[in-house]
Amino acid sequence: MVFMGDRATLLETGRFVQTRSDEDADTADAETEARHRRAADGGDAESMSVLGALLLRRGDLDGAEPYLRGATAEGDRAAANNLGVLLHQRGYADEAAGWWRIAAVAGSAAAAHALGRHYRERGDEPAAEYWLRQSAEQGHALGAYALADLLEHRSDVGAERWLRAAAEQGHREAAYRLARLLDGRTDDETAGDGPGDIAVAESPEAEGATDEAEPWYRQAAARGHRRAALHLGAILEKRGELKEAGRWYLTSAKDGEAKAACALGFLLRDAGDEESAAVWWLRAAQDGDGNAANALGALHAARGEQQTAERWYRAAMSAGDVNGAYNLGLLCAAQNRTAQAEQWYRRAAYSGHREAANALAILLLQAGDATGAEPWFSKAAEAGSVDAAFNLGILYAGRDDDRTALKWYERAAAAGHTDAALQVGIALLRDGEEQAAERHLRCAAGGGSAEAAFRLATVLDARQPPPGPPALGEPMGEKTECEEWYERAAQQGHRRAQVRVGMLAAARGDLEAAARWYGEAAEAGSRNGAFNLGLLLAREGREREAALWWSRAAHAGHGRAALRLALLAARHGELSEGQRWCARAVELGPAEVAERAARLREALHQELTA
């Protein structure tokens, strides 16, 4: 039974310097004890109480008892409390409670706390609450903490008040538990995406709670609470104060907190120090942290050390981290060990790992088992996997069930999936809902989708009046928003966007930019880019170079390019070559081109047979 307070001494914290030698201190203590013993033997009640407490702390129960009983007989309440402690240590709990009651009634907050603890151990919560409240209301930190613990066990909102009261008096555990309470989470260390992750507030409301909790974490951490140091480090890391976060992680890790060692490893890895990160991950993994074992597995996998990686993933799984099974599945899949990959994915998926369920569904779909894949996609999507929701959309679209596909695309898009937002935008455009489509296309384009940027630009382009030819000497106009989106798509290698950017640049009179974009599109395989580049070169009188690009376009199936080559050959008197390109143009079309090419071919035939 605790009868004083936190056992940590000021000397152990390093905050104070011991000015006396141990020998001097022992001499002084011996003199104090001898003085009190003489007074106690002479009948002084206060000295009997002090001497009894001194002997009790030393563990001399036989020596302490007569002095404590003597002081208690004289009405000393501190002696009555300590006599209760002595009897409790000897196993006489009921007799101890009797002396605590006497001391508590006399006003001893420590005795009221001890009596409240006694009744709680006996299961008498009403009596426990009464005496703990007596102790707490007298300002006893341990009493306030014990009362808060009792109230929190009953989910009583009054727990916070007493945790705060104890914490304000420096109670380390109370400060930590108050911080956890303010953080709005239970003391569940698996609150993140995977086992061992430390959850940090995301919403503005939660961030406010974290701000209120931080000073209490800091107080507890400063007093040596390793989990408080861990959570304080997580808060600071989230805020971007990485140096201080690292210090608290290090403090916690050195005190034996495996999760802090793991978090410190990730901090070091992100700073580019993989070797030091591995040291802390190893320490955490050896202490049973599955997240650290997974990190070591990933580190060795990246180095090509597959066997070592597999060993650490298995260690993570043994530590209860379901990510270990999922990572084993990924490892086997990368090595084309499909059967083993399916086995590990299933194991993780059955344990509720949503990404494993999605990966398992993809594996089944690739094997042609769409029926087996669908329920796993559904399970993963319902559990919150954005990729699974998108994949369900693809699955239903493949069955021509556009309505159900759109539902899943919309769900994935709402969670920020870029490709899903693109598919929603395309579907809405198809249904004529241009405004709604534009909103989704903007989301997808902002997320980096070149196709979305191109389609958004097309929507905006269609709203603009066609530009007239630039007047002589007129400066080039500013780029419109649609051109900026075309250009963004073009910079990502979108060939149709590159052609369109070239056309807009040519319309502004910027022929150098137009030629550059046409050239990029043509080199990437765009027949329209090759044809338009040929037109630009022909206008500059560079017919030989133009013919090369038209030839490339014609061979890729561009009818107008074939017609241009036929006209060029006819103009140079190469009638047979012209007929050949005419035949190609007739074959490729479109109708207008085919008609012109047919007439030209007939004229060339007559010229040859004349």
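Comment: R439 does not engage E433 in a salt bridge, judged by the lack of any side-chain N to carboxylate O separation of less than 4.0 angstrom. A salt bridge links E382 to R411: one of the charged nitrogens lies within less than 4.0 Å of a carboxylate oxygen. A salt bridge between K379 and E374 is absent, with no side-chain N of the basic residue lying under 4.0 Å from a carboxylate O of the acidic one. Between E595 and R599 there is a salt bridge, since at least one side-chain N of the basic residue sits less than 4.0 Å from a carboxylate O of the acidic one.
Under a cut-off of 6.0 angstrom, the local environment of CZ in R463 is crowded, with over 12 non-hydrogen atoms contributed by other residues, nucleotides or ligands. Shown here is R269, whose CZ atom has more than 12 heavy atoms of other residues, nucleotides or ligands within 6.0 Å. By the 6.0 Å contact criterion, CZ on R496 is open, its count of non-hydrogen atoms from other residues, nucleotides or ligands being 12 or less. The neighbour count for R346 CZ, taken as heavy atoms of other residues, nucleotides or ligands under 6.0 Å away, is above 12.
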For this session: Please lay out, stage by stage, how N294 and N327 fare under the test side chain to side chain donor-acceptor pair (under 3.5 Å).
Result: CA-CA 8 Å; N294 269 316; N327 288 331; 2.8 Å; yes
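Side chain of Q306 to main chain of L331: no donor-acceptor pair is present (N/O by atom type, distance under 3.5 Å, no hydrogens or angles). A side-chain donor-acceptor contact under 3.5 Å links T458 to the backbone of F454. Looking only at distances, no side-chain donor or acceptor of R560 sits under 3.5 Å from a matching main-chain atom of F531. The main-chain N or O of R314 is found under 3.5 Å from a side-chain atom of S318 such that the two form a donor-acceptor pair. H558 places no side-chain N or O within donor-acceptor distance of the main-chain N or O of A554, the cut-off being under 3.5 Å.
Side-chain contact check for N358 and N391: at least one donor-acceptor pair (N or O, by modelled atom type) lies under 3.5 Å. Counted by atom type alone, Y249 and E237 present one or more donor-acceptor pairs between their side chains at under 3.5 Å. Checking W581 against E577 by side-chain atom types alone, a donor-acceptor pair falls below 3.5 Å. Side-chain atoms of Y217 and R180 include a donor-acceptor pair closer than 3.5 Å.
In terms of heavy atoms, A325 sits closest to W344 at O-CB, 3.3 Å. In terms of heavy atoms, A566 sits closest to G578 at CB-O, 3.5 Å. Closest approach of L456 to R442, counting heavy atoms only: CD2-CG, 3.6 Å. The shortest non-hydrogen separation linking A427 to L406 is CB-CD1, 3.9 Å. Across all their heavy atoms, A444 and L422 have their closest contact at CB-N, 3.7 Å. Nearest heavy-atom pair, A489 versus A453, reported as atom, atom and distance to 0.1 Å: CB-CB, 3.8 Å.
Here the rule is side chain to side chain donor-acceptor pair (under 3.5 Å) with S385, and of R354, H353, E355 only E355 fits it.
Here L548 contributes atom CG and L537 contributes atom CG; the two are 9.5 Å apart, rounded to the nearest 0.5 Å. Once rounded to the nearest 0.5 Å, the distance linking OG1 of T480 with CG of D461 reads 7.0 Å.
Taking the six-membered ring for Trp and the full ring otherwise, Y486 and W517 have centroids separated by 6.0 Å or more. Aromatic pair F266/W281: centroids less than 6.0 angstrom apart.
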